[in-house]
Trainee: 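Could you have a look at this structure, given as structure tokens, before my questions?
No hydrogens, no waters, no symmetry mates; every other heavy atom, side chains included, goes into these values. No experiment lies behind these values; they were computed from the predicted model shown. Atoms within a ligand are numbered from 1 in the order they appear, just like the ligands themselves.
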Amino acid sequence: MTTYNLALIPGDGIGVDVTEAAMRVMVAAGARFGFDLKTETLPWCCAHYHETGAMMPENGIAYLRGFDAIYLGAVGWPQSVPDAVSLHGLLLPIRKAFNQYANIRPHRLLAGVEGPLRTDGFDILCIRENTEGEYAGAGGRVHHGMQNEVAVETSVFTRAGVERILRFGFEQAQARRKHLTSVTKSNAQKYSMVFWDEVTRELAADYPDVTVSHMHIDAMAAKMVMAPQDLDVVVASNLFGDILTDLGAAIQGGLGFAASANINPDRSAPSMFEPVHGSAPDIAGKNIANPIAAIWSGVMMLEHLGETAAAEAVLTAVEAVTGQGIGTRPGKNTTEEITTAVMAALEV
Ligand code: IPM
Ligand code: MN
């Protein structure tokens with residue numbers, strides 16, 4: 001029997017609740033489809049920061065490298081650790097260190113889920129650049145606290161980085177409805193975004209079967225609300241992709257349904273799977289967090305591991321459950337009820 005070694009980082013808040021739920025479903029899927037998930041839970045979170053002075057141990061990245069995949073719940077407990085400290089100590093360095101340059105986020109309505117829009121016929125795959133751009137971390141501050149204080153944060157766009165994310169997007173489009181929308185702001189940002197547009201045009205020649213649209217981020221925000229059914233694969237920079245995928249989450253019924261995968265496409269290091277939502281301290285530990293985003297992220301993990309039949313079965317089980325009206329609105333069902341229902345549907 002195939003065994004996969006998974007590093008679990010439940011993290012903070014509802015990250016703990018939903019990781020437990022998702023893993024129960026993943027392990028059940030393994031039992032049914034003949035693979036074993038060997039999990040090691042790593043206690044890296046904001047409480048760990050208080051105990052040790054760091055979000056993860058110094059050898060954390062080296063340690064994670066040995067796993068087949070990483071599953072992360074959520075990171076952040078802003079009441080006690082500033083977000084910029086907790087995220088730069090755990091989530092963001094993992095994405096960069098393991099070259100998880102493609103952050104994939106599917107946006108569509110699951111069966112039975114009502115979104116806020118009048119249309120329900122959309123199926124968007126957002127591909128967010130995940131290692132550079134506005135998140136490169138290039139910058140600094142001088143004259144702290146003084147009148148002449150200066151803060152600079154420079155976006156970094158490399159040809160290698162832009163090319164690889166666009167190629168990934170083109171390939172995803174080829175496997176879907178063959179339309180790619182590249183999102184920039186090249187009417188205002190005349191260096192990095194004009195460069196991105198140029199690279200998109202250059203590469204388009206290699207993918208003649210894919211039609212390409214160029215959109216500015218502001219117009220794209222409107223389009224995702226007014227006509228999301230016209231979109232297929234959407235590729236955007238790190239920050240633009242971050243913002244658009246919360247919008248995507250909203251139109252698919254909320255963050256409780258938004259899954260994501262941080263993929264290293266060349267498989268030179270583990271990929272990481274996590275729901276888009278955060279740690280939601282206000283509802284942590286109350287058994288009311290929606291585990292569906294986390295379970296769907298687990299589905300993306302199974303796909304990445306090559307367990308496609310299991311992945312399909314879990315997503316079908318999730319939609320059987322939401323199709324019955326379970327877990328379709330915040331507070332309607334408990335975390336436990338939704339998880340148990342998905343596991344039962346998986347048995348059928
Ligand atoms: C996300 C999150 C993170 C991001 C935060 C927590 C740093 O919002 O995964 O979308 O901005 O990438
Ligand atoms: Mn985000």
Side-chain angles (χ1 to χ4, degrees), residues 9-16 18-19 22 44-46 48-49 55-56 69-107 124-139 153 155-157 161 165 183 217 220-221 224 234-264 270-284 289-290 292-294 296-298 300-301:
I9 308 176
D12 297 295
I14 62 165
V16 177
V18 300
T19 299
W44 304 345
C45 62
C46 289
H48 189 263
Y49 178 87
M55 293 296 292
M56 65 176 155
I70 304 162
Y71 187 94
L72 184 139
V75 182
W77 199 260
Q79 297 88 327
S80 72
V81 182
D83 279 340
V85 172
S86 57
L87 276 317
H88 281 278
L90 189 58
L91 174 69
L92 299 173
I94 297 173
R95 288 178 178 168
K96 283 190 183 135
F98 293 149
N99 254 331
Q100 294 166 350
Y101 64 82
N103 189 322
I104 312 179
R105 299 181 165 182
H107 301 296
I124 304 170
L125 192 68
C126 267
I127 312 280
R128 163 186 176 188
E129 200 293 319
N130 212 30
T131 55
E132 55 172 45
E134 308 86 345
Y135 281 50
E153 187 140 5
S155 299
V156 176
F157 289 88
I165 195 63
V183 183
I217 178 76
M220 183 65 183
M224 278 181 69
V234 172
V235 183
S237 66
N238 212 331
L239 180 62
F240 288 179
D242 175 50
I243 297 165
L244 284 183
T245 54
D246 260 39
L247 182 49
I251 66 171
Q252 76 189 123
L255 282 153
F257 301 103
S260 95
N262 303 271
I263 299 288
N264 169 325
S271 294
M272 175 166 65
F273 302 83
E274 49 158 347
V276 174
H277 65 68
S279 60
D282 52 325
I283 60 163
N290 188 339
I292 290 178
W296 194 350
S297 305
M300 296 176 85
M301 179 177 76

Trainee: Taking the cut-offs as 6.0 angstrom to the six-membered ring centre and 45 degrees off its axis, would you call R128 and Y135 a cation-pi pair?
Mentor: yes
Trainee: Show the distances, to 0.1 Å, for all pairs joining an N/O atom of ligand 1 and a protein N/O atom that are shorter than 3.5 Å, listing one pair per line.
Mentor:
from, atom 1, to, atom 2, distance (Å)
ligand 1, 8 (O), D242, OD1, 3.3
ligand 1, 9 (O), R95, NH2, 2.7
ligand 1, 9 (O), R105, NH2, 2.8
ligand 1, 10 (O), R105, NH1, 3.0
ligand 1, 10 (O), R105, NH2, 3.2
ligand 1, 10 (O), R128, NH1, 3.3
ligand 1, 10 (O), D242, OD1, 2.8
ligand 1, 11 (O), Y135, OH, 2.6
ligand 1, 11 (O), D242, OD1, 3.4
ligand 1, 12 (O), R95, NH1, 2.7
ligand 1, 12 (O), R128, NH1, 3.2
ligand 1, 12 (O), R128, NH2, 2.7

Trainee: Could you tell me if N103 and N262 have a donor-acceptor pair between their side chains, going purely by distance under 3.5 Å?
Mentor: yes
Trainee: Please report the C-alpha distance between I127 and V234 in whole Å, then the side-chain angles of each, then the deciding distance to 0.1 Å, and finally whether the side chain to side chain contact (heavy atoms under 4.5 Å, CB included) criterion is met.
Mentor: CA-CA 6 Å; I127 312 280; V234 172; over 6 Å; no
Trainee: For a distance under 2.8 Å, give residue and atom name for each protein N, O or S atom next to the Mn ion (ligand 2).
Mentor: D242 OD1
Trainee: If we only count heavy atoms from C-beta on, is the I243 to L239 side-chain gap below 4.5 Å?
Mentor: yes
Trainee: Checking salt bridge (Lys or Arg N to Asp or Glu O under 4.0 Å) for the pair E274/R95: CA distance, chi angles, key distance, verdict?
Mentor: CA-CA 12 Å; E274 49 158 347; R95 288 178 178 168; 2.7 Å; yes
Trainee: For F98, is the CZ atom crowded, meaning more than 12 foreign heavy atoms sit under 6.0 Å from it?
Mentor: yes
Trainee: To the nearest 0.5 Å, what is the distance between CH2 on W44 and CG on L90?
Mentor: 7.5 Å
Trainee: How about Y71 and T19: do any of their side-chain heavy atoms sit closer than 4.5 Å?
Mentor: yes
Trainee: Nearest 0.5 angstrom please: E129 CD to S237 OG, how far?
Mentor: 8.0 Å
